[in-house]
Asker: 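Quick one: the structure is below, questions incoming.
Both ligands and their constituent atoms are indexed starting at 1 by order of listing. Here, residue 1 is the first one in the sequence, and each next residue gets the next number. These values consider heavy atoms only, across backbone and side chains, with no hydrogens, waters or symmetry-generated copies.
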Amino acid sequence: MSATKKEYKRVTVKSLVDMKKNGEKISMLTAYDYSMAKIVDAANVDVILVGDSASNVMAGHETTLPITLDQMIYHASSVIRAVNRALVVVDIPFGSYQSDPKEALRSAIRIMKESGAHAVKVEGGQEIKESVKRILNAGIPVMGHLGLTPQSIYKFGTYNVRAKEEDEAHKLIEDAKLLEKMGCFAIVLEKIPAKLAKEVAESVSIPIIGIGAGNGVDGQVLVIHDLLGITQEFNPRFLRRYLNLFEEMGNAISKYVDDVKTRDFPSDEEQY
Ligand code: KIV
């Protein structure tokens, strides 16, 4: 289907469903702070995800598990202050929605009320169905996340491609249909075979946004630090780096250090 690009002054959950209908691919990137979110929004990215990957790239943790609800709200409110156009979706962090639907709703309400976010994202299908229902019943838009779900990393044991086996692939399709039926507005599919991801995208009417899920889905998401080459050690096959900012920023900073040491900075023009 050809991409008919319509202008969206503000992207809403409804715009995303329209984009899928019109065959326009959805762009999504993470951001966790005001300055980066301003750049991402000005570049017309459709969806900004305040991902719990902040735990890795902002705080240096090995997994997404340690980040707290308060920390997610801090990141989300910084992003919201920068954004004029994109839909801002915030991850509900590990431990804030799995145990009890009432707690899930309280967490989602805190995110919406205290940060001004537009929607929340949760990981899982059937297992978290009651929590998803509660949140949706309160009028809060929910994005699902299936496939490799980093909050369950200790259950999986590795970050390898998921759903290669028939059983897991079947469960994933059923979970996607369940999330759609309950009223989720979109689903992220992470690190699964492209053929399966395409099949999921064709079996539901809500947008499927992939990361390491091939080209047959309705949109793509990446972690901004990976795309810009700020992170160096993370090199999965699905990642396209558009810059090597680690090197470029390092060079600029080294030049500054030299200029200070050699008394070149500040010059006469750079002082009062
Ligand atoms: O937290 C995150 O950045 C994510 C994306 C990888 C989809 O969930």
Side-chain angles (χ1 to χ4, degrees), residues 16 25-33 36-37 40 45-69 71-76 78-79 86-98 107-108 111 115 117 119-125 128 132 141-153 156 159-163 172 175-176 179 184-192 197 200-201 206-214 217-228 230-231 233-241:
L16 300 186
K25 297 277 185 181
I26 297 163
S27 59
M28 172 160 145
L29 273 180
T30 64
Y32 318 99
D33 64 35
M36 190 72 91
V40 174
V45 167
D46 298 312
V47 184
I48 295 183
L49 173 66
V50 184
D52 57 2
S53 49
S55 179
N56 310 106
V57 295
M58 300 301 283
H61 292 296
E62 207 173 301
T63 72
T64 58
L65 275 65
I67 200 159
T68 66
L69 186 58
Q71 288 165 342
M72 288 304 297
I73 290 170
Y74 166 77
H75 286 297
S78 308
V79 166
L87 180 82
V88 178
V89 182
V90 180
D91 266 330
I92 311 188
F94 175 69
S96 312
Y97 63 96
Q98 292 93 341
S107 302
I111 289 173
S115 75
V120 296
K121 175 162 86 57
V122 288
E123 295 183 5
I128 56 156
V132 172
V142 177
M143 176 181 270
H145 184 154
L146 300 171
L148 175 63
T149 46
Q151 292 179 7
S152 307
I153 186 58
F156 299 146
Y159 286 98
N160 292 346
V161 177
R162 304 298 316 170
L172 191 142
D175 278 344
L179 292 174
C184 290
F185 70 91
I187 301 171
V188 165
L189 283 188
E190 181 163 353
K191 222 169 174 189
I192 64 165
V200 176
I206 57 173
I208 298 296
I209 302 178
I211 172 163
V217 290
D218 307 303
Q220 299 294 327
V221 55
L222 284 176
V223 168
I224 185 81
H225 290 65
D226 298 334
L227 172 152
L228 295 176
I230 297 172
T231 48
E233 316 77 30
F234 184 62
N235 281 305
R237 186 204 299 200
F238 68 75
L239 174 61
R240 186 179 291 182
R241 285 195 202 286

Asker: Could you give me the CA-CA distance, side-chain angles and deciding distance for Asp52 and Gln151, then say whether side chain to side chain donor-acceptor pair (under 3.5 Å) is met?
Answerer: CA-CA 9 Å; Asp52 57 2; Gln151 292 179 7; 2.6 Å; yes

Asker: Checking contacts here: is it the side chain or the backbone of Asp52 that comes within 4.0 Å of ligand 1, counting heavy atoms only? Could be both or neither.
Answerer: both

Asker: Heavy atoms only, cut-off 4.0 Å: how does Asp91 contact ligand 1, side chain, backbone, both, or neither?
Answerer: side chain

Asker: Got Thr30 and Val50 here, is their nearest side-chain heavy-atom distance under 4.5 Å?
Answerer: no

Asker: Hey, is the main chain of Thr231 close enough, under 3.5 Å, to the side chain of Arg241 for a donor-acceptor pair?
Answerer: yes

Asker: Provide, to 0.1 Å, the distance between atom 3 (O) of ligand 1 and the closest protein heavy atom, together with that atom's residue and name.
Answerer: Ser53 OG, 2.5 Å

Asker: In terms of the angle between their ring planes, are Tyr32 and His225 parallel, tilted or perpendicular, with boundaries placed at 30° and 60°?
Answerer: tilted

Asker: Quick test: of every protein heavy atom, which one is nearest to atom 6 (C) of ligand 1, and how far off is it to 0.1 Å?
Answerer: Ile211 CD1, 3.7 Å

Asker: For ligand 1, which atoms, with element, lie under 4.0 Å from some heavy atom of Val223?
Answerer: 3 (O)

Asker: Grab the two heavy atoms, one from Leu222 and one from Leu29, that are nearest each other, plus how far apart they are.
Answerer: O-CD2, 3.3 Å

Asker: Who gets closest to atom 8 (O) of ligand 1 by heavy atom: Glu123, Met28, Lys121?
Answerer: Lys121

Asker: Within the side chain of Ser115, is there an N or O that forms a donor-acceptor pair under 3.5 Å with the backbone of Ile111?
Answerer: yes

Asker: Under 4.0 Å from a heavy atom of Thr30: give me the atoms of ligand 1 that qualify, with their elements.
Answerer: 3 (O)

Asker: I need the atoms of ligand 1 closer than 4.0 Å to a non-hydrogen atom of His145, numbered in the order shown.
Answerer: 8 (O)

Asker: When you measure from the side chain of Thr149 to the backbone of His145, do you find a donor-acceptor pair of N or O atoms at a distance under 3.5 Å?
Answerer: no

Asker: How far is atom 4 (C) of ligand 1 from the closest protein heavy atom, and which atom is that?
Answerer: Leu49 CD2, 3.5 Å

